[in-house]
Enquirer: 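Below is a structure I'd like to ask you about.
Within every chain, numbering begins at 1; the chains are lettered A, B, ... in the order of the sequence lines, protein sequences first and strands thereafter.
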There are 2 protein chains.
Amino acid sequence: MSGEKEYLKSYDKEMYEKPSVTVDLLVFTIVDDRLKIVLVKREEYPFKDMLALPGVFVNIDETLDGAAKRGIKEEAGITDIYFEQLYTWGDVNRDPRMRIISVSYLSLTPSEKIQLSIGQRTSSVELYDVEELLTSDAKLAFDHKKIIEYGRERIKNKTEYTQIAFEFLEEEFTLPQLQKVYEILLGKSLHKANFRRKVMPMVEETERMTMGDAHRPSKIYRVKENTIVV
Amino acid sequence: MSGEKEYLKSYDKEMYEKPSVTVDLLVFTIVDDRLKIVLVKREEYPFKDMLALPGVFVNIDETLDGAAKRGIKEEAGITDIYFEQLYTWGDVNRDPRMRIISVSYLSLTPSEKIQLSIGQRTSSVELYDVEELLTSDAKLAFDHKKIIEYGRERIKNKTEYTQIAFEFLEEEFTLPQLQKVYEILLGKSLHKANFRRKVMPMVEETERMTMGDAHRPSKIYRVKENTIVV
DNA sequence: TATGTTAGTACACTTTTGATACTAAGTCAA
DNA sequence: TTGACTTAGTATCAAAAGTGTACTAACATA
């Protein structure tokens, strides 16, 4: 049967059995120089007591981006945050209960903005070390480990050809801090002088400097107005 | 309400009204040195007589990739073809009949592989010039113009940092042909000597050359075994 | 055999990237 | 108060990658 005909048939809403659609959220941040992700511990079967990505069902009158935004607010307590659609996962048996198609969203934030466990939720929402999750043989609920791997990879790639790394920092930062973020995301150490030369065009000095450290203070910078971060 | 709770509630399949899920296909190719895309002319309302992306509904026991593969076969008659998931479109009113979430797939092929209008379909499936569609104020059905723009952009970007351009060529090709493909995809002309130096590591000579042209013949190449095309 | 046309290459020049090795400015302990 | 320690920041050279010019090569055709 042709796709066109199927389109037409679909006018009768109940002709086909429909999958459910959820949005799963990958909220990444950096704490103690480590990449972390927000996960929830499941309290019910299937996958009871296992870690899972936070997620919400997409309401019938709600856009995907809208559902993502709502989910990020509900789970991580953040309202203004960078997020982008990551990938849509549609394996038939990814949820043992029924057919669920999951649109995953990638979201990056400085850790200071995260407010876990807001509202009346009983389940625990926590930050987990990403490299630890991915290199250990820890099992996650559903296909969520694969999704996290995919998100981790996207971050690494986009770090190379965009300014996405800035999303992990607050408005003001030092160049050593910025370099550290790049090193965490890329998984390798960078050459100081070359790194500086590269980011210089995208940042501007403030008049302030760090204080109190037992070494030379560093200048505090912010992102230049016209820098396209993502 | 928390996302977790929603997950649990969802165990009752019929608790929420579900959207429909389709896969929309962007099959790109190159004909006469122009980028083309496969479109169908709609035969029914809504958007009767307007051009639209071919698409299929995702069956309840079918993966997204599976649905895409099926659609590409039904609409363009191709079985072995490069394709990747592009983006998932979820605006609430993108289809006036009902809520439809569309997972779009990007697919590239040499034009020789395309077999339009196979089977018993009545509607017309044709190739359309992409730049012409996008620069004119031609209206397409649904949000399909926006989707094509997005796909066009993805091709341009991936041309810059992958070897995706090879997907438009058959197994054997000359370097001038390859350069032309790059120029079409990037929308600008390239410097011959530099282009050659850049692609040389990825191709290997055959023993054959072009014949019959009123100028110097060119060597025929193929992709080197170990080249990662996408 | 000369001409037009496209294929292919040699080489000089510029820009970007990579690495070394230095100087600068704070804290802290002797 | 001074020197040891630590991290911040810079000057400079070398290598690699990219760009542009100008050439030579090999065909068909008149």
Enquirer: W89(A) vs F142(A), test: ring pair (Phe, Tyr, Trp, His ring centres under 6.0 Å). Steps then yes/no.
Expert: CA-CA 11 Å; W89(A) 307 85; F142(A) 309 105; over 10 Å; no
Enquirer: Please report the distance, rounded to the nearest Å, between CD in E183(A) and P in dT7(D).
Expert: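 Rounding to the nearest Å, CD of E183(A) and P of dT7(D) are 13 Å apart.
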Enquirer: Within this structure, what is the CG-to-P distance between N194(B) and dT15(C), rounded to whole angstrom?
Expert: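 It works out to 15 Å between those atoms.
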Enquirer: K198(B) or A193(B): which one's nearest nucleotide on DNA chain D is closer to the 5' end?
Expert: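 Checking each residue's closest nucleotide, the 5'-ward one belongs to K198(B).
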Enquirer: Within this structure, what is the CD-to-P distance between Q177(B) and dT6(C), rounded to whole angstrom?
Expert: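 Answer to the nearest Å: 15 Å.
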Enquirer: Can you tell me which residue among F28(B), F83(B), Y150(B) is in a ring-ring contact (aromatic ring centres under 6.0 Å, His included) with Y105(B)?
Expert: F83(B)
Enquirer: Could you check Q177(B), M202(B), M200(B) and say which one makes a side chain to side chain contact (heavy atoms under 4.5 Å, CB included) with Y221(B)?
Expert: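 So the option named by the test is M200(B).
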Enquirer: Taking atom types as they are modelled, would you say the side chain of R197(A) forms a donor-acceptor pair with the base of dG9(D) within the 3.5 Å cutoff?
Expert: no
Enquirer: With DNA chain C as reference, determine whether H191(B) or P176(B) sits nearer its 5' end, using the nearest nucleotide of each.
Expert: P176(B)
Enquirer: Rounded at 0.5 Å granularity, tell me how far NZ in K36(B) sits from CZ in R34(B).
Expert: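 That separation rounds to 6.5 Å.
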Enquirer: Using 4.0 Å as the upper bound for N to carboxylate O, is an ion pair formed by D49(B) and R42(B)?
Expert: no
Enquirer: Please determine whether a side-chain nitrogen of the Lys or Arg among R152(A) and E131(A) lies less than 4.0 Å from a carboxylate oxygen of the Asp or Glu.
Expert: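 Salt bridge present between R152(A) and E131(A).
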Enquirer: So which of residues 200-229 of chain A are in contact with DNA chain D, with a heavy-atom cut-off of under 4.0 Å?
Expert: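 Contacts with DNA chain D under 4.0 Å: A214(A), H215(A), R216(A), P217(A), S218(A), K219(A).
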Enquirer: Nearest whole angstrom, please: distance from the C1' of dG8(C) to the CG of L178(B).
Expert: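 For the pair L178(B) CG and dG8(C) C1', the rounded distance is 15 Å.
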Enquirer: Is a donor from one side chain sitting under 3.5 angstrom from an acceptor on the other, for R154(B) and N157(B)?
Expert: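 No, no side-chain donor-acceptor pair sits under 3.5 Å.
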Enquirer: Tell me the interatomic distance from Q179(B), atom CD, to dA7(C), atom P, rounded to whole angstroms.
Expert: 9 Å
Enquirer: Using whole Å, what does the distance between atom C1' of nucleotide dT17(C) and atom CZ of R196(A) come to?
Expert: 17 Å
Enquirer: Between atom NZ in K180(B) and atom P in dA7(C), what is the gap in whole Å?
Expert: 11 Å
Enquirer: To the nearest Å, how far apart are L175(B) CG and dA26(D) P?
Expert: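 In whole Å, dA26(D) P and L175(B) CG are 17 Å from each other.
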